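Everything quoted here is computed from the prediction, not taken from an experiment. Note: hydrogens, waters and symmetry copies are ignored here, and every other heavy atom, side chains too, is used. One-based numbering, in listed order, for ligands and for the atoms of each.
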Amino acid sequence: MLTSLVELAELIALRTSPARAIELLGLIPKSALEGMRRTRFRRTLRIAAEHSSFYREQFRRHGIDVRRIDDPSQLSDFFTTGDDLRALGADAFLVRRADTAFETTGTTSPVPKRVFFTRREIADMGRLSAIWLHLLGLRPHDRVVSAFDCSFWVSPYVLRAGLDLLGCFHVEAGKIDAAEFYERARPYRPTVIFGEPSWIVRLSEIAKARGPWPVKFLFAGGENISESARSEVEDAWGSPLYLNYGQTESFGALGAECRLKNGYHRNDLYFFFEVVDVDADGYGEVVYTTLSERAMPLIRYRSSDLSSLVNDRCECGISMGRLAKIRSRCDEMVVCGMGNVGPWVFDEVLRGISGIGDDWQVVIGHAGSHDLVVVHIEMDDMSRQHAIEASLHANLRKHFGDFWRNLEMQLYELRVTVHPPGSLRGHARKLRRVIDERLMSRTRSVVSA
Ligand SMILES: [Zn+2]
């Protein structure tokens, strides 16, 4: 009964203006919201058990009776992984008819993860985006130009749905070269700019050289960014850069920064968060269960992102808890200016290049505010380094159009370093293929949001 009243209050809040919604949602007591989340969690389990062939089979195999489960931790070692999505396809997860789909932009394998949704879900997520952007200061008289990649990617559609509700002027540039964007966007005098972090870094270098215009804030999603690169962006424009944290699987925002930029406020209305395999610092893999009514529910989905749950009250006054800034990935994928890359990408890029050994290693680091991708290879004939670089570029252009485009847009640097045969592996039995030097730690136990 209480949950129905809270759900009704939420429904009304999300359909009023963003300013009123913030007020109304703030009036719902924390205990009532928690009760609603538990009810929604049980509903997700029940619907998945009834209508998704994957979950029906998995629950049977794990001996899980969903009627007895109130909390994700009771599911102990049951998780859903990206490999499940890739191996079984979206159909096995669907619980109702979907009318749109998006894909992950590159993963640990050449097979994309396809995730299906309904247009209603886009509209709902758009409402939450509108509320958040209002909190950050976006108003109907603002002018937005966005440069998100529109190819199979969810973010531009969620943004569009949010901006429709806010009613502000909006031009969609797509992910074009930052120098071209600068010249073509400037006549619109955008007060708010959206794009991927590495792209915004590049745009900001151009703005610094050619002159910025007054901007209220910049908003980035899709990758992480170092605080030094963020400072350079903010210095160039004299305005803040806010980050969003999401995955295609989650359909947009799992969380977003407030004005204090001290972690991502969690979207606890739509997701149940856990952090598993927690280390001594409280960092572990972010795992989430969808709570909203989805065509493709996900139960304890392993995000592969390492973060921690922050439940102390944020000084901004927003009561929703936070996820700390993402530290790293716990699979071999690296999200950087090149794109989402894993070992298989470099296997392909190095394939067929004569004269190089089987051992190679890629190290992702920083070069100023850019990401630097260094491909370490082994070869007898050191004089062929330039020829190897040319072949590698040709393979990249041929097989990975997006990664090539990002290189041309100067969103990252790509270098080859040659070593004598046998030197990369040293005494190691297994050579780690891709190393992200921009980041730290790994992880172990379960903490629940
Ligand atoms: Zn805050």
Separation of Arg294 CZ from Phe117 CZ (nearest 0.5 Å): 5.0 Å
Residue pairs fulfilling salt bridge (charged side-chain N to carboxylate O under 4.0 Å, His left out) with at least one residue in residues 242-258, sequence neighbours excluded: Lys113-Glu249, Arg230-Glu257
Salt bridge (Lys or Arg N to Asp or Glu O under 4.0 Å) between Glu205 and Arg202, intermediate numbers included: CA-CA 5 Å; Glu205 286 171 350; Arg202 180 73 194 125; 2.7 Å; yes
Distance-only donor-acceptor check, side chains Gln247 and Tyr301, under 3.5 Å: no
Test log, rule salt bridge (Lys or Arg N to Asp or Glu O under 4.0 Å), inputs Asp177 and Arg405: CA-CA 9 Å; Asp177 183 80; Arg405 211 156 51 98; over 6 Å; no
Stepwise salt bridge (Lys or Arg N to Asp or Glu O under 4.0 Å) check, Lys208 with Glu232: CA-CA 9 Å; Lys208 199 168 186 174; Glu232 295 207 11; 5.6 Å; no
Of the protein N/O/S atoms, how many lie under 2.8 Å from the Zn ion (ligand 1): 4
